[in-house]
Amino acid sequence: MKNQKPILNVAVPTPQRQLFDYVIPDEFIKSDSTELFIPGCRVLIPFGNRNLIGLIVKISQSTDFDLKKLKPIKALIDKEPLVSKILFDFFIWSANYYHHPIGEALLKVFPGNLRKGLPLPKTTTRCWKIDKSYSSDNTKSVKQLDLLSLLNSVDHKTDEFLKACFGRSTISALAKKGLITEFQKSYTKEKVSFPKALKQNPKLLNDEQATVLSKLSIEKFSCSLIDGVTGSGKTEIYLQFAELILKNQRQVFILVPEINLVQQMEAQFSNRFDLEVLTFHSNMTDNQRLLNWTKAKNGEAHIIVGTRSSVFVPAFNLGLIIIDEEHDQSYKQQEGFRYSARDLAIQRASNDSIPVLLGSATPSLETIQNCIKNKYQHLYIKKRIGLSQPPKWNIIDLKNQSISNGISEFAETKIKETISNGKQALIFINRRGYAPALFCNSCGWVMDCANCDSKLTLHKAKQKLICHHCEFTANVPLKCLACDKDSLVPVGMGTERIEEYLKNIFPTIPVFRVDKDSSKKKDFMENLHRKVNGAEPCIIIGTQMMTKGHDFKNITLVLALDTDTQLFHPDFKNQERLGQLLTQVAGRGGRGQFLGEIYLQTYNSDHPLLEKLVKDNYGSFLQDISSEREVTLMPPFRHLALIRADSTHSDKVINFLKHVRSITNSIQPQNRSINYIGPLPSMLEKRAGRYRYLFQIRTKNRSQMHSLLTKLTHQMGTIKIPSSVRWFVDVDPVEL
DNA sequence: AGCACGCCGACT
DNA sequence: GTCGGCGTGCTC
Ligand SMILES: [Zn+2]
Ligand SMILES: [Zn+2]
């Protein structure tokens with residue numbers, strides 16, 4: 001319908017795949033201020049019978065809706081768009097690429113406080129200055145006099161600084177006497193100049209590092225993979241390349257896969273640069289997060305270190321994005337808006353015409369494939385820095401070993417040997433808790449989760465049986481719930497059980513357990529680093545948490561207790577991930593002057609993939625994985641998207657997905673480059689009380705995938721779906 | 001996702 | 001009689 005008044009197309013936080021149209025209230029029309037409505041501004045809108053915060057996405061002249069039924073917006077919240085047009089367009093592009101409902105996606109990329117309608121915070125800092133002249137009669141306190149004389153000489157200091165030096169009470173005492181007064185100092189942009197901004201001199205690069213750095217260009221968009229073995233000094237390259245960017249008055253974003261790596265990376269940058277280094281992750285309060293978001297937007301923060309969601313943080317003048325540990329699956333959000341922060345960072349960098357660095361010792365197959373296709377630049381660092389040698393790989397064939405508590409005889413002597421040589425050992429087992437199942441010896445009953453297709457894990461410290469896939473917990477039964485006999489035994493190994501066993505064998509040696517449960521304690525990681533780097537012999541037991549980024553200098557023995565579970569796990573990325581995990585954990589060893597060794601316990605010592613890892617290297621292992629994906633028509637040789645659905649009734653999901661398949665087929669029949677598979681059960685078929693199924697779409701070209709999904713999701717809006725069925729799209733999934 | 005409307009069972 | 005269970009449908 002035609003209309004002379006502009007129509008606002010607004011993104012509303014609802015799972016519907018559409019924008020909602022609103023009219024501008026009369027007072028704006030009368031005062032001729034309709035140009036205040038710009039895409040990227042928030043508006044308060046009536047929606048149903050409630051008021052919501054929405055985002056203006058577009059301004060159009062007409063609407064498909066009945067014009068008379070359009071409601072006026074209640075209020076315009078922002079005077080100017082929250083982010084630049086180029087960034088807002090990137091947000092919209094992201095929602096479209098992942099086919100996530102536009103309103104939900106667009107609002108979720110903003111900090112929670114902005115979603116609630118709060119204004120952008122002022123980024124001023126609280127400062128103190130001398131109020132009136134003072135003499136030593138005013139106070140007897142030495143601290144107070146020191147503070148006064150400091151302010152006398154420098155004019156003003158921040159509240160934060162004074163609190164740290166003199167304490168809160170000193171400040172408030174002086175304020176009470178009226179000797180000092182506070183004021184808000186607003187931020188003034190200062191030119192970043194080197195070497196002034198260097199706190200610490202750059203380290204001397206070796207030849208390989210220097211070659212890599214020389215191949216990086218600050219000029220335009222490029223994506224470079226730094227494929228450097230563990231301990232090869234990738235971080236130093238990040239730091240020195242970042243310096244070149246900062247010198248040009250531009251900002252640097254560094255993304256890390258996990259929250260416990262943020263602090264380490266932040267320390268690396270703030271130790272090197274006398275600049276504003278801020279973090280961004282989910283462990284901050286909403287206020288802190290919005291403040292750092294705003295400082296990044298204003299250019300007050302020079303460097304942002306953060307997790308996945310940082311890819312959506314605005315910048316004043318972004319010059320570089322670094323994705324550390326690019327292979328890590330944590331970059332892919334696994335619920336809701338299922339974006340990959342790595343892939344989006346590359347898109348964002350391309351929009352902004354800036355470089356992006358991917359770093360890893362174990363690059364993902366899709367990244368290697370992009371290097372082969374010359375989309376990314378492949379840069380190698382094959383040697384470790386300094387004198388440290390690559391770890392030596394070995395296999396322990398469990399077929400010829402007696403095993404006690406998951407540790408073979410041979411492995412146990414290796415641990416003893418390591419300890420008596422005064423060195424440290426790292427035991428890797430990717431399962432937390434005491435034992436993955438509680439089993440009845442007399443009737444064979446196992447305690448299952450009531451809501452999932454999984455067994456309950458016994459946690460001895462908590463004295464609970466816990467489901468690792470949902471919230472379910474249960475008390476540990478004394479007798480079998482099926483036959484009432486007193487014959488329940490824990491089966492299988494978890495970190496807690498290994499810890500108990502090793503503490504028994506080595507009563508005088510410190511044994512540390514590193515997993516999600518133990519690391520919850522505040523400062524756990526810092527304490528661990530301090531203790532372990534004290535160089536006393538010790539044993540560390542860890543899950544995959546241990547494999548990420550930690551730098552322990554004195555580990556010489558790494559022992560992987562269970563390689564077989566993941567080796568035969570059916571998910572398509574699992575073998576690739578096993579290679580990454582083992583290579584990363586092996587890389588924790590031998591980082592000092594002594595040689596590191598890794599031993600893999602397995603019943604499949606002649607498995608070709610293990611042989612590649614042990615006798616050859618990760619690169620050649622990955623080639624085998626690659627050939628298998630090529631023949632099975634899986635990524636990166638096909639583009640993959642899933643229509644995932646779940647319901648409390650399995651027949652409802654299956655029928656729904658059969659319907660989805662027939663719709664898909666009517667939009668686009670299968671051919672040589674477009675294939676459909678399923679409906680198939682998801683990896684854990686029943687989870688949190690819901691049956692999960694998926695329908696696979698594979699295409700040869702990205703554009704085929706995108707247009708098919710666009711048509712499909714559009715048609716799905718017109719069909720009737722049973723109320724128990726929920727569905728969503730997963731583009732470029734990392735698990736099935 | 002919310003939220004209202006509506007149509008059946010079991011309470012004061 | 002009416003309180004509340006959640007199935008169904010709508011939101012510019
Ligand atoms: Zn039993
Ligand atoms: Zn469960």
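Keep in mind the model is a prediction, meaning the values are calculated, not measured.
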Provide, to the nearest angstrom, the distance between the [atom1] atom belonging to [X] and the [atom2] atom belonging to [N].
X	N	atom1	atom2	answer
Q18(A)	dA1(B)	CD	P	15 Å
R115(A)	dA1(B)	CZ	P	15 Å
N51(A)	dC3(B)	CG	P	11 Å
L107(A)	dG2(B)	CG	C1'	15 Å

Query raised in the report: Between K5(A) and D26(A), does at least one N-O distance fall below 4.0 Å, as a salt bridge requires?
Result: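 Looking at K5(A) and D26(A), the cut-off is met.
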Report task. In plain terms, say whether E366(A) and R629(A) are close enough for a salt bridge, that is, a side-chain N and a carboxylate O under 4.0 Å apart. Result ->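 Salt bridge: no.
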Query raised in the report: First and last nucleotide of DNA chain C touching chain A, 5' to 3', heavy-atom cut-off 4.0 Å?
Result: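 Going 5' to 3' along DNA chain C, contacts run dT8(C) to dC12(C).
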What contact category does [X] fall into here, base, sugar-phosphate, or nothing, at under 4.0 angstrom with non-hydrogen atoms?
X	answer
P46(A)	sugar-phosphate
E104(A)	nothing
F47(A)	base

Query - Name of the residue among T367(A), I323(A), L358(A) meeting side chain to side chain contact (heavy atoms under 4.5 Å, CB included) with I346(A) - result: L358(A)
Query raised in the report: Side chains of S364(A) and R342(A): donor-acceptor distance under 3.5 Å anywhere?
Result: yes
Query raised in the report: Is there a donor-acceptor contact under 3.5 Å linking the side chains of S703(A) and N701(A)?
Result: no
**Report entry** V109(A) side chain near V311(A) side chain, heavy-atom distance below 4.5 Å
**Finding:** no
Query raised in the report: Between P15(A) and N49(A), which is nearer to the 5' end of DNA chain B once each is assigned its nearest nucleotide?
Result: P15(A)
